[in-house]
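Take a look at the structure below.
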Amino acid sequence: MNDLVKDCMKLGFGLMRLPRLDSGEIDVQQTSDMVDEFFKAGGRYFDTAFVYGGSEEATRKALVERYPRDSYYLASKLNAGAYAAKNEEEAKKEFEISLKRLGTDYLDFYLLHSLETNNRDKYDEYVLWDYVKKLKAEGRIKHYGFSFHDKPEVLDEILTEHPDAEFVQLQINYADWDDPSICSGGCYAVAEKHGIPVIVMEPVKGGTLANPPEVIREIFELADPAASPASWAIRFAANLPNVMMVLSGMSNMEQMMDNLSFMKDFVPFTEAEDDVILRARAALKSIDSIPCTACKYCVPGCPMQIRIPVIFECMNRYKLYQDLTAAKNDYSWKPGPSKASACIKCGQCEGACPQHLPIIELLEEVAATLE
């Protein structure tokens, strides 16, 4: 299935959450030390992006200026969002800027960044699919694909429209496998159907699965007291046969060494370990949360244009993982301008909800908790 990456550990170094100094700047020395350990263990895949503040420059200093260019794979991304590019010219210019920041004249992997229903038209409007094909024909990139955040049916449409895409980057972890909002399992199945290799992002769900709820931690400790919760999450993703690389956004040397300890000589799950993951997922579902299925029946008729399923997704991050900071961060941007407090209590959403949820009451709870 995968012949894009050879002689390489299945763990990739995600360069989005690099260690930072008290000043807020990326700690290039610590990043360099982490790069060294990564190389020693057989790691060769490095993933950054145009919109990862300071990451491309730090990657140049910690990696590109210190190792032969043919000794690793380097990936970056082109983002057509309005905050990154106001027009086609600015979008296409990102590639040249990334090369300059990184200090290289080519990229091994180049991704159209974070495609979803709300932005995919921009990638077409700016003719970016043809642009990456042109870059590959010129030898300035070796492979192109895209990262994706949406439902399986949208992924199926994109892969049908663009069968030339060589890989797709998906959010996959055991917690989101059958989550109705993220649909990790469904998206993975679509990629498998199209015969396209998968790069995994967020295997530890932004770090939350490194510190899961106590009921899940107990399941893992009973199965293997020596294994970290993060190891279960990353190995789950790496165990999937159509996955060619699992990215981990490591922020310090401790996280790096833990990940290398079980990925340097990766061993697939046993049947018993598969069962542990199933029990962990069942335990996660048993925790009190908002049982929204993200059907979106409530959305079209909302006079305030509140994206109710997205708001409930943010609240569930708090309910499930007790991570108020992460939940508030998600809530600050994911729902868009209309927050829970914008609700005028008209009740149309409750009439449309097939789950008969007390949406008005739940929105009040969200506003009190996350705003």
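FYI, side chains are in, hydrogens and waters are out, and symmetry mates aren't considered; it's all heavy atoms of this structure.
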**Request:** May I ask you to establish whether Arg44 and Phe38 are in a cation-pi arrangement, using a distance under 6.0 Å from NZ or CZ to the six-membered ring centre and at most 45° from the ring axis?
**Result:** no

**Backbone N/O of Asp121 and side chain of Glu125: donor-acceptor pair under 3.5 Å** = no

**Asked** Quick one: does Asn119's side chain have a donor or acceptor within less than 3.5 Å of a partner on Ala80's backbone?
**Response** no

**Message:** When you measure from the side chain of Glu218 to the backbone of Val215, do you find a donor-acceptor pair of N or O atoms at a distance under 3.5 Å?
**Reply:** no

**Message:** Check whether Ser289 reaches the backbone of Leu320 with its side chain - one donor and one acceptor, N or O, closer than 3.5 Å.
**Reply:** no

**Asked** Which residue pairs satisfy the salt bridge (Lys or Arg N to Asp or Glu O under 4.0 Å) criterion with at least one member in residues 159-174, sequence neighbours excluded?
**Response** Arg120-Glu161, Lys133-Asp164, Lys136-Glu166

**Message:** Test your reading of the model: is there a side-chain donor-acceptor pair from Lys339 to the backbone of Gly336, 3.5 Å cut-off?
**Reply:** yes

**Asked** Do the side chains of Val35 and Tyr67 get nearer than 4.5 Å, heavy atoms only?
**Response** yes

**Prompt:** Could Glu138 and Lys134 be called an ion pair, given the rule that one side-chain N must be under 4.0 Å from one carboxylate O?
**Reply:** yes

**Message:** Do the side chains of Lys151 and Glu116 get close enough for a salt bridge, i.e. N-O under 4.0 angstrom?
**Reply:** no

**Pairs where residues 351-368 contributes a residue and the test salt bridge (Lys or Arg N to Asp or Glu O under 4.0 Å) is met, not counting sequence neighbours** = Lys319-Glu365, Lys345-Glu364

**Prompt:** Which residue pairs pass the ring pair (Phe, Tyr, Trp, His ring centres under 6.0 Å) test with at least one member in residues 291-348, sequence neighbours excluded?
**Reply:** none

**Request:** Please report the closest heavy-atom contact between Glu192 and Pro241, naming both atoms and the distance.
**Result:** OE2-CG, 4.3 Å

**Request:** Please determine if Asp108 and Arg69 form a salt bridge, counting it only when a charged side-chain N lies under 4.0 Å from a carboxylate O.
**Result:** yes

**Request:** Please assess Lys77 against Glu94 for the test salt bridge (Lys or Arg N to Asp or Glu O under 4.0 Å), listing each intermediate value before the final yes or no.
**Result:** CA-CA 9 Å; Lys77 309 177 187 74; Glu94 288 181 25; over 6 Å; no

**Flag if over 12 foreign heavy atoms under 6.0 Å of CD, Gln355** = yes

**Request:** Could you please spell out the steps behind the salt bridge (Lys or Arg N to Asp or Glu O under 4.0 Å) verdict for Lys334 and Glu313?
**Result:** CA-CA 9 Å; Lys334 281 188 174 181; Glu313 176 190 335; 3.3 Å; yes

**Prompt:** From Arg217 CZ over to Ser228 OG, what is the distance, rounded to the nearest 0.5 angstrom?
**Reply:** 9.5 Å

**Request:** Could you tell me whether Glu56 and Arg60 have a side-chain N and a carboxylate O separated by less than 4.0 Å?
**Result:** no

**Message:** Nearest 0.5 Å, please: how far is CD in Glu65 from CG in Leu102?
**Reply:** 10.5 Å

**Request:** Hey, could you give me the CD/OG distance between Glu57 and Ser98, rounded to the nearest 0.5 Å?
**Result:** 9.0 Å

**Complete:** Rounding to 0.5 Å, atoms CG (Leu15) and OG1 (Thr59) come to a distance of 4.0 Å

**Request:** Say whether, by atom type as modelled, one donor and one acceptor occur between the side chain of Arg101 and the main chain of Phe50 under 3.5 angstrom.
**Result:** yes

**Asked** Of the non-hydrogen atoms in Pro212 and Pro229, which two are nearest, and what is the gap between them?
**Response** CD-CB, 3.6 Å

**Message:** Does atom NZ (Lys100) have a neighbourhood of more than 12 heavy atoms from anything else shown, all under 6.0 Å?
**Reply:** no

**Request:** Report yes if the side chains of Tyr106 and Leu135 come closer than 4.5 Å at any heavy-atom pair, otherwise no.
**Result:** no

**Message:** For residues 295-304, which residue pairs pass the salt bridge (Lys or Arg N to Asp or Glu O under 4.0 Å) check, not counting sequence neighbours?
**Reply:** none

**Request:** Verify the cluster assignment for Ile182 and Val200: are they in a single hydrophobic cluster under the rule of side-chain heavy atoms below 4.5 Å apart?
**Result:** no

**Request:** Would you please test Phe95 and Tyr110 for ring pair (Phe, Tyr, Trp, His ring centres under 6.0 Å) and show each step?
**Result:** CA-CA 9 Å; Phe95 176 73; Tyr110 199 47; 5.1 Å; yes

**Asked** Please walk me through it: do Glu88 and Lys92 pass salt bridge (Lys or Arg N to Asp or Glu O under 4.0 Å)?
**Response** CA-CA 6 Å; Glu88 179 179 339; Lys92 291 180 176 178; 2.6 Å; yes

**Item:** Phe109 and Phe167 aromatic centres sub-6.0 Å
**Value:** yes

**Prompt:** Would you call Phe148 and Leu112 a side-chain contact if the rule is heavy atoms closer than 4.5 Å?
**Reply:** no

**Asked** Is a side-chain N or O of Asn242 found less than 3.5 angstrom from the main chain of Gly195, in a donor-acceptor match?
**Response** no

**Asked** Any chance the rings of Phe46 and Tyr73 have centres within less than 6.0 Å?
**Response** no

**Prompt:** Among the clusters formed by ILVMFWY side chains lying less than 4.5 Å apart, do Tyr188 and Trp232 turn up in the same one?
**Reply:** yes

**Prompt:** Does atom CD of Glu96 have more than 12 heavy-atom neighbours, drawn from other residues, nucleotides or ligands, at distances under 6.0 Å?
**Reply:** yes

**Asked** Which distance, rounded to the nearest 0.5 Å, do you find between the CG of Asp47 and the CG of Leu247?
**Response** 4.5 Å

**Prompt:** Quick check: does any side chain N or O of Glu371 sit under 3.5 Å from a backbone N or O of Val366, one acting as donor and the other as acceptor?
**Reply:** no

**Request:** Measure across Ala58 and Ile26 and return the closest heavy-atom pair with its distance rounded to 0.1 Å.
**Result:** CB-CG2, 3.7 Å

**Asked** Restricting to pairs with a member in residues 24-38, which pass salt bridge (Lys or Arg N to Asp or Glu O under 4.0 Å), not counting sequence neighbours?
**Response** Asp36-Arg66, Glu37-Lys40

**Prompt:** Are Ile290 and Val310 joined in one hydrophobic group, where the rule is that I, L, V, M, F, W and Y side chains link up if heavy atoms are under 4.5 Å apart?
**Reply:** no

**Asked** Hey, are the side chains of Asn173 and Leu209 touching, using non-hydrogen atoms and a 4.5 Å cut-off?
**Response** yes

**Item:** Backbone of Glu202 reached by a side-chain donor or acceptor of Gln171 within 3.5 Å
**Value:** no

**Message:** Between Asp176 and Lys205 (salt bridge meaning N to carboxylate O under 4.0 Å), is one present in this structure?
**Reply:** yes

**Request:** Treating Ile, Leu, Val, Met, Phe, Trp and Tyr as nodes and any side-chain heavy-atom pair under 4.5 angstrom as an edge, say whether Phe269 and Val198 lie in one connected cluster.
**Result:** yes

Only pairs under 3.5 Å count here: list side-chain donor-acceptor contacts from residues 277-286, not counting sequence neighbours, and write none if there are none.
from: Arg279; atom 1: NE; to: Asp275; atom 2: OD2; distance (Å): 3.1
from: Arg281; atom 1: NE; to: Tyr174; atom 2: O; distance (Å): 2.9
from: Lys285; atom 1: NZ; to: Asp178; atom 2: OD2; distance (Å): 2.9
from: Ser286; atom 1: OG; to: Ala283; atom 2: O; distance (Å): 2.6

**Request:** With the side chain counted from C-beta on, respond yes when Ile306 and Pro335 share a heavy-atom pair under 4.5 Å apart, and no when they do not.
**Result:** no

**Message:** Check whether Ser251 reaches the backbone of Arg17 with its side chain - one donor and one acceptor, N or O, closer than 3.5 Å.
**Reply:** yes

**Request:** Would you please test Thr48 and Ser55 for side chain to side chain donor-acceptor pair (under 3.5 Å) and show each step?
**Result:** CA-CA 6 Å; Thr48 184; Ser55 173; 2.7 Å; yes

**Prompt:** Does atom CD of Glu254 have more than 12 heavy-atom neighbours, drawn from other residues, nucleotides or ligands, at distances under 6.0 Å?
**Reply:** no

**Request:** Could you tell me whether Phe146 and Trp129 have their ring centroids closer than 6.0 angstrom?
**Result:** yes

**Item:** Min side-chain heavy-atom separation Met315-Leu370 under 4.5 Å
**Value:** yes

**Rounded distance [0.5 Å steps], OG1 in Thr208 versus CG in Asp323** = 7.0 Å

**Heavy-atom side-chain proximity of Leu357 to Pro291 below 4.5 angstrom** = yes

**Request:** Find out whether Met256 and Gln30 are in side-chain contact, i.e. whether some heavy atom of one side chain is under 4.5 Å from a heavy atom of the other.
**Result:** no

